[in-house]
Structure formats: C-alpha cells, structure tokens
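No experiment lies behind these values; they were computed from the predicted model shown. When a residue number appears, it is its place in the shown sequence, counting from 1. Hydrogens, waters and symmetry mates are skipped; everything else that's a heavy atom, side chains included, is used.
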Amino acid sequence: MKQTKQQYVYEYIKDKINKNEYPPGTPLTEEAICEELKVSRTPVRDAIRRLTGENLLVMTPGIGLSVSAIGLEDLIEIFDIREALEGMSVKQFIDRAPAAIVKRLRDCVDKGELAVADNNYNAFMESDMEFHRIIDATVGNKRLSVMLDAIYEQINRLAYTNREDPAISRLGITGHKEIMKFIEKGDKDGAVSAMEEHVRSVKKYYLTKYFNL
C-alpha cells in the first residue's frame with residue numbers, strides 16, 4: 001500500500017525525535033517542516049497533532065512548538081510499565097518459543113557480547129533491540145506488542161543519546177546473558193525475575209545519569 005503524505009511526514013518527524021536528531025527542546029515550526037519536506041501544511045498539521053498526542057511534541061504558550069523532554073516522572077512510569085510488560089512477555093515466550101527461536105535468541109546475545117567486546121556500541125544497540133523484539137514477536141500477543149512498541153519508541157530516545165557509553169552496553173549484555181540462562185533452562189520464574197531485574201538496572205542507570213538518584 002502506498003504511503004500517504006500524512007503518514008510520511010508523521011514517521012519522518014517521529015524517527016528524527018526517536019533517534020535524537022531532534023533533541024529535547026528543539027523548536028519546530030510548520031513552515032520549517034513544510035520547507036524541509038516540500039509538502040503542504042495539511043500533512044504537517046496532522047503529524048503535529050498526532051505527535052503532540054503521543055507527548056513527543058509539546059506546545060508551550062509564548063514559546064511555541066518543541067520536542068518534549070523525558071522528565072523524572074516520565075522515566076519512572078516508562079520503566080515501571082516496561083518491567084511489568086516484559087516480565088509477562090518473557091514468561092509467555094518460554095511456553096511458545098520453538099528450539100529454533102531460542103537458538104536465534106542465543107545468537108543475538110552472543111552477537112551483542114562480541115559487539116561490547118569490540119566497543120561497537122551501535123552494533124550492540126541493534127542487538128539489544130533485536131533481543132527484546134524477538135521475544136515480543138514470538139509471543140504473538142497483538143495488544144502486548146502495541147504497548148511494548150510504544151514503550152520501546154520512548155526508550156530509544158534515551159538509548160540513542162547514550163549509545164556511546166560503555167557502561168550501558170555492559171549493563172545490557174549482562175542482563176541479556178542472565179535472562180538467556182533461564183530461558184534455556186525453561187525456568188519461567190527465573191526468566192521473569194531476571195528480566196525484571198534487567199529493566200530495573202537500566203532504569204537505575206538513567207535515574208542516576210539524568211537525575212542523580
């Protein structure tokens with residue numbers, strides 16, 4: 001199906017925000033976006049409306065439209081929800097994943113570990129996202145996938161900003177290896193606990209980095 005102009009503009013701006021190419025606080029105007037993408041105001045206004053509804057853009061009186069920041073309350077809520085959803089996801093994964101998918105997940109962990117050893121942080125970030133998305137896709141719960149996609153998009157804003165920090169890569173691969181250990185044993189309770197601890201450790205990293213907590 002051919003992509004509409006509305007969808008194209010929406011996805012273009014959203015991708016820029018999620019990849020931190022439009023960092024928090026970046027001012028945006030309809031005119032500038034129209035000029036950049038060579039489109040009329042109608043698809044731009046539609047994209048702005050949708051992105052404002054998703055809290056990626058904010059309209060401040062006297063200032064105008066800008067990219068929203070992820071505040072303390074936002075970060076806590078995002079990771080608390082992620083902890084609950086990913087714990088549920090990995091539990092269902094163990095029940096539903098065939099051996100070939102478990103092997104694929106192991107390969108993903110091994111690839112991520114090599115990337116960390118090589119200080120290839122972009123490669124690790126790709127393997128990190130792949131690890132979580134393999135689990136989600138295997139479960140096949142459509143509503144769970146929609147909620148996790150929304151959470152991942154918000155977390156990606158943080159991930160892109162910090163992808164050159166070796167500390168977050170080491171934290172990530174340690175968590176993945178621990179989760180994988182319990183998945184390969186078929187230990188659902190252990191896998192859930194490991195996933196929840198992994199999410200909490202990443203949450204703590206960001207709370208310390210951005211809010212000194």
Side-chain angles (χ1 to χ4, degrees), residues 1-86 121-122 124-126 128-129 132-133 136 143-169 171-172 199-213:
M1 183 180 295
K2 186 177 180 180
Q3 189 179 49
T4 65
K5 284 186 179 180
Q6 284 86 347
Q7 188 66 20
Y8 168 72
V9 174
Y10 164 78
E11 291 183 0
Y12 177 88
I13 299 172
K14 189 170 187 174
D15 188 60
K16 290 281 191 180
I17 293 171
N18 286 334
K19 290 183 177 178
N20 211 45
E21 293 175 24
Y22 288 164
T26 300
L28 296 175
T29 64
E30 287 184 13
E31 294 83 355
I33 298 170
C34 289
E35 176 63 27
E36 183 174 350
L37 299 182
K38 308 300 181 188
V39 295
S40 67
R41 287 179 180 267
T42 299
V44 172
R45 286 174 178 167
D46 180 74
I48 288 172
R49 176 186 57 78
R50 292 172 65 183
L51 293 166
T52 301
E54 294 175 14
N55 296 317
L56 291 175
L57 296 177
V58 60
M59 180 64 75
T60 306
I63 297 176
L65 186 72
S66 62
V67 177
S68 66
I70 297 178
L72 174 60
E73 184 176 345
D74 299 314
L75 192 150
I76 291 171
E77 288 181 357
I78 288 166
F79 277 92
D80 284 352
I81 293 169
R82 182 187 181 189
E83 181 181 334
L85 295 180
E86 293 219 75
Y121 306 122
N122 286 329
F124 171 73
M125 190 170 72
E126 290 177 4
D128 183 11
M129 294 176 182
H132 291 279
R133 291 193 181 278
D136 174 39
R143 290 173 176 81
L144 179 59
S145 291
V146 168
M147 289 186 283
L148 280 172
D149 280 344
I151 291 296
Y152 292 152
E153 285 178 352
Q154 295 177 73
I155 291 171
N156 283 352
R157 298 178 66 191
L158 296 168
Y160 271 98
T161 305
N162 294 277
R163 65 186 182 275
E164 299 295 335
D165 185 353
I168 190 62
S169 297
L171 195 64
V199 174
R200 285 194 295 268
S201 68
V202 176
K203 173 185 173 183
K204 184 177 180 181
Y205 165 88
Y206 287 121
L207 286 174
T208 300
K209 185 175 182 67
Y210 289 105
F211 302 101
N212 296 314
L213 295 178

Between [Y] and [X], is there a side-chain heavy-atom distance shorter than 4.5 Å?
X: Ile168; Y: Arg163; answer: no
X: Arg82; Y: His132; answer: yes
X: Ile78; Y: Tyr206; answer: no
X: Leu158; Y: Phe79; answer: yes
X: Arg41; Y: Ile33; answer: no
X: Lys5; Y: Leu37; answer: no
X: Leu57; Y: Val67; answer: yes

Side-chain donor-acceptor pair under 3.5 Å between Ser68 and Asn55, yes or no? no
Looking only at non-hydrogen atoms, find the nearest pair between [X] and [Y] and report the distance.
X: Tyr205; Y: Ala167; result: CE1-CB, 4.3 Å
X: Tyr160; Y: Asn18; result: CD1-O, 3.3 Å
X: Pro24; Y: Ala69; result: CB-CA, 3.8 Å
X: Leu75; Y: Leu207; result: CD2-CD2, 3.7 Å
X: Gly71; Y: Phe211; result: C-CZ, 3.5 Å

Separation between [atom1] of [X] and [atom2] of [Y], rounded to the nearest 0.5 Å:
X: Met147; Y: Ile151; atom1: CE; atom2: CD1; result: 9.5 Å
X: Ile70; Y: Ile155; atom1: CD1; atom2: CD1; result: 9.0 Å
X: Gln154; Y: Ile17; atom1: CD; atom2: CD1; result: 11.5 Å

I would like to know whether Met125 and Tyr121 meet side-chain contact (heavy atoms from CB on, under 4.5 Å); could you show each step before the answer? CA-CA 6 Å; Met125 190 170 72; Tyr121 306 122; over 6 Å; no
Between the side chain of Thr208 and the main-chain N/O of Leu213, is any donor-acceptor distance below 3.5 Å? yes
Does the Arg45 side chain pair with the main chain of Thr42, one donor and one acceptor, at a distance under 3.5 Å? no
Applying side-chain contact (heavy atoms from CB on, under 4.5 Å), run through Arg157 and Leu56 and close with a yes or a no. CA-CA 10 Å; Arg157 298 178 66 191; Leu56 291 175; 3.7 Å; yes
Let me see the working for Val44 and Gln6 under side-chain contact (heavy atoms from CB on, under 4.5 Å), right down to the final yes or no. CA-CA 7 Å; Val44 172; Gln6 284 86 347; over 6 Å; no
Could you walk me through whether Asn156 and Met129 pass the side-chain contact (heavy atoms from CB on, under 4.5 Å) check? CA-CA 9 Å; Asn156 283 352; Met129 294 176 182; 3.1 Å; yes
Applying salt bridge (Lys or Arg N to Asp or Glu O under 4.0 Å), can you list everything that pairs with Asp165, at least two apart in sequence or on another chain? none
Checking Arg50 now: which residues fulfil side-chain contact (heavy atoms from CB on, under 4.5 Å) with it, not counting sequence neighbours? Gln7, Tyr10, Asp46
Does a side-chain N-to-carboxylate-O contact under 4.0 Å join Glu153 and Lys14? yes
